[in-house]
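In what follows, a structure is listed as C-alpha cells, so that the remarks can point back to it.
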Amino acid sequence: SEVAQTKAGIIKPDSIVVSQKQAAEAEFQLRNKLAEGQKISFEDQEFKLNTSKPENGGYRFSCQTPLVGYQNLFLPLSGEHQLSNAMLAIAACEAFLGGGEKPLGEPILHAALADATSPGRLQVFRKEPLTILDAAHNPAGAKSLADAMRGYFGIDQCVLVMGTMADKDYPKMLEILKPLVSLLVITQADSERATDSKTLEQVASAMGFDTEVVEGSGLALEYATDIALEKGLPVVVTGSVVLLGEILQKERMEAEIEED
C-alpha cells in the first residue's frame, strides 16, 4: 500500500493510467488518486489475456482491450509474466497514441512484438549445457523464475549461480528456488552493494543447500558449466542485474576479440 501510494504520486491530471494486476491494497491506492479526472485500466479488468501457448521460444497469444481483440500475436520471450508485460505495453500504447479511443494497427503491433527482446530476463545464453540468465533480484522475481523453469523449460533441478545485492531479501529468494537447485554456486558481483559471498554462503548452508563459493562471476559460470556438463543439468544464473551485466559484457568482449 505504501509503495503504491508513493508511485501514484506521478499521476497527473487528465492522464491515463494502465496497470498490471495489483494486490487489493495497491489497487485501492491507485484508484484513490483518480479524483482529478484520470482514467485507469487494470489487467484482468479492462484488458486481459484470452489465449496463449508456447511456440518457438516464446508465445503465440491473443488478448482483449476495451477497444478490440488482438489475435495471433507472437512474443519471442520466455515466461508467462512476459505475456502480462506485453499486454501492459499494448494498453499503454493504445492510451498514448490514441488517447485510449483508437486501436493499434495490427501489422505494426505484430512486427513490434516479434522484434521484442529482454536481455537478462530468462535469456537462453547457451544451449549446451542449457544456460539461462535471469535478473531476478527479489522474491517476486524469484517466483517468476521458478515458475518459468518448471512450466516453460521443464527444469526440475539445476546448477544455480547466484550473487545478490546486500539490501535484497535473498533468504526468501533462496527459499523459493531451493527445490530446483542441485548445487548452488555462490559468487559476488564487482559492486560495493553486493552481498559478501561468505555471508550468502552461510545463509544458504543453514538452509540446507549444497554450496560452492567461486569468486568472480566469469569463473563462477565456468565452474557451474563444468559441473552441469558432468551431471547433465542446466545452469541458471540469477540474483542481480549487475551480476548478469558482468557476464554479458565479458561475452561481448570475447566475441569482439574473436572477430578481430
Q) Taking C-beta and beyond as the side chain, do Leu122 and Leu145 meet within less than 4.5 Å on heavy atoms? A) yes
Q) Any side-chain donor paired with an acceptor under 3.5 Å for Gln20 and Asn85? A) yes
**Q.** Under 3.5 Å: donor-acceptor pair, side chain of Arg193, backbone of Met165
**A.** no
Q: Say whether, by atom type as modelled, one donor and one acceptor occur between the side chain of Tyr152 and the main chain of Gly58 under 3.5 angstrom.
A: yes
(Q) For Thr195 and Thr164, which I'm curious about, is there any donor-acceptor pair between the side chains at under 3.5 Å? (A) yes
Q: Specify the closest pair of heavy atoms between Leu30 and Gln22, including all atoms of both residues, with the distance to one decimal.
A: CD1-CG, 4.2 Å
Q: Establish, yes or no, whether the cationic atom of Lys53 lies under 6.0 Å from the six-membered ring centre of Tyr59 and within 45° of the ring axis.
A: no
Q. Can a donor-acceptor pair be found between the side chains of Ser19 and Glu43 at a distance below 3.5 Å?
A. no
Q.
Given Thr225, which partner from the list Glu230, Arg126, Glu128 fulfils the side chain to side chain contact (heavy atoms under 4.5 Å, CB included) test?
A. Arg126
Q. Rounded to the nearest 0.5 Å, how far does CG of Leu133 lie from CG of Leu244?
A. 4.5 Å
Q. Considering all heavy atoms of both residues, which atom of Leu113 and which atom of Pro76 are nearest to each other, and what is their separation?
A. O-CD, 3.0 Å
(Q) When you measure from the side chain of Gln188 to the backbone of Ser197, do you find a donor-acceptor pair of N or O atoms at a distance under 3.5 Å? (A) yes
Q) Can you tell me if CD on Glu80 sees more than 12 non-hydrogen neighbours from other groups inside 6.0 Å? A) no
(Q) Please report the interatomic distance CG(Leu233) to CD(Gln157), rounded to the nearest 0.5 Å. (A) 7.0 Å
Q: Using a strict 4.0 Å threshold on nitrogen-to-oxygen distance, state whether Lys250 and Glu246 make a salt bridge.
A: no
(Q) Distance check, rounded to the nearest 0.5 Å: Asp44 atom CG versus Ser84 atom OG? (A) 8.0 Å
**Q.** Greater than 12 external heavy atoms within 6.0 Å of Asp226's CG
**A.** yes
Q: Could you pull out the closest heavy-atom pair between Met87 and Lys48, with the gap in Å?
A: SD-C, 3.3 Å
Q | Sidechain-backbone polar pair: Gln123 side chain, Gly120 backbone, donor-acceptor under 3.5 Å | A | yes
Q. If you look at every heavy atom in Arg150 and Pro179, which pair is closest and at what distance?
A. NH2-CB, 3.8 Å
Q: Kindly indicate, with the supporting measurements, whether the criterion side chain to side chain contact (heavy atoms under 4.5 Å, CB included) is fulfilled by His110 and Gln71.
A: CA-CA 9 Å; His110 279 266; Gln71 307 296 324; over 6 Å; no
Q) Just checking, any donor-acceptor pair under 3.5 angstrom between side chains of Thr6 and Glu2? A) no
Q.
Distance check, rounded to the nearest 0.5 Å: Leu200 atom CG versus Thr187 atom OG1?
A. 9.5 Å
Q. Going through the checks in order, is the side chain to side chain contact (heavy atoms under 4.5 Å, CB included) test met by Lys178 and Phe209?
A. CA-CA 7 Å; Lys178 188 175 187 299; Phe209 281 90; 3.4 Å; yes
Q.
Using side-chain heavy atoms (C-beta onward) and a distance below 4.5 Å, is Val17 in contact with Phe42?
A. no
Q. Can you name the closest pair of heavy atoms from Tyr223 and Leu183 and give their distance?
A. CE2-CD2, 4.3 Å
Q: With the side chain counted from C-beta on, respond yes when Leu174 and Val203 share a heavy-atom pair under 4.5 Å apart, and no when they do not.
A: yes
Q) Is it true that Lys172 and Glu175 make a salt bridge, defined as a side-chain N closer than 4.0 Å to a carboxylate O? A) yes
(Q) Is the shortest side-chain heavy-atom distance between Asn138 and Asp169 below 4.5 Å? (A) no
Q: Examine Leu229 and Phe153 and state if one hydrophobic cluster contains both, with Ile, Leu, Val, Met, Phe, Trp and Tyr joined whenever side-chain heavy atoms are less than 4.5 Å apart.
A: no
Q.
Would a single hydrophobic cluster contain both Tyr170 and Val236, if residues Ile, Leu, Val, Met, Phe, Trp and Tyr are joined by side-chain heavy-atom contacts under 4.5 Å?
A. yes
Q) Any sub-3.5 Å donor-acceptor pair from Ser118's side-chain atoms to Arg121's backbone N or O? A) no
Q) Hey, mind stepping through Leu177 and Leu160 against side chain to side chain contact (heavy atoms under 4.5 Å, CB included) and telling me if it holds? A) CA-CA 9 Å; Leu177 294 169; Leu160 184 71; 4.1 Å; yes
Q: Report the C-alpha separation of Gln64 and Glu46 in whole Å, then their side-chain angles, then the decisive distance to 0.1 Å, and conclude whether the side chain to side chain donor-acceptor pair (under 3.5 Å) test is met.
A: CA-CA 8 Å; Gln64 182 75 42; Glu46 285 74 21; over 6 Å; no
Q: Heavy atoms only: give me the nearest Asn50-Cys63 pair and the separation to one decimal.
A: ND2-C, 3.7 Å
Q. Same cluster or not: are Val159 and Leu180 linked, directly or through other Ile, Leu, Val, Met, Phe, Trp or Tyr residues, by side-chain heavy atoms under 4.5 angstrom apart?
A. no
(Q) Quick one, Leu130 and Ile155 - any side-chain contact, counting heavy atoms below 4.5 Å? (A) yes
(Q) Regarding Thr51 and Ser62, do their side chains bring together a donor and an acceptor under 3.5 Å, going by distance alone? (A) yes
Q.
Using 0.5 Å steps for rounding, measure from the CG atom of Leu67 to the CD atom of Glu94.
A. 4.5 Å
(Q) If you count heavy atoms of other groups shown closer than 6.0 angstrom to CZ of Phe74, is the number above 12? (A) yes
Q. So, do Val237 and Leu221 sit near enough that their side-chain heavy atoms are less than 4.5 Å apart?
A. yes
Q. Can you find a pair of side-chain heavy atoms, one from Val235 and one from Ile132, that are under 4.5 Å apart?
A. no
Q: Would you check if there is a donor-acceptor pair between the side chains of Gln38 and Ser15 at a distance under 3.5 Å?
A: no
**Q.** Side chains of Ile90 and Leu73 in contact at under 4.5 Å (non-hydrogen atoms)
**A.** yes
Q: Give a yes or no on whether Phe28 and Leu34 share a hydrophobic cluster (residues Ile, Leu, Val, Met, Phe, Trp, Tyr; joining criterion: side-chain heavy atoms under 4.5 Å apart).
A: no
(Q) Under 4.5 Å between side-chain heavy atoms, counting indirect links through other Ile/Leu/Val/Met/Phe/Trp/Tyr residues: same cluster for Ile108 and Tyr70 or not? (A) no
Q: Return yes if a side-chain donor-acceptor contact under 3.5 Å exists between Glu25 and Ser1, otherwise no.
A: no
Q) Do any N or O atoms from the side chain of Lys12 and from the backbone of Ile10 form a donor-acceptor pair under 3.5 angstrom? A) yes
Q) Step by step, would you call Val185 with Met162 a side chain to side chain contact (heavy atoms under 4.5 Å, CB included)? A) CA-CA 6 Å; Val185 180; Met162 189 172 189; over 6 Å; no
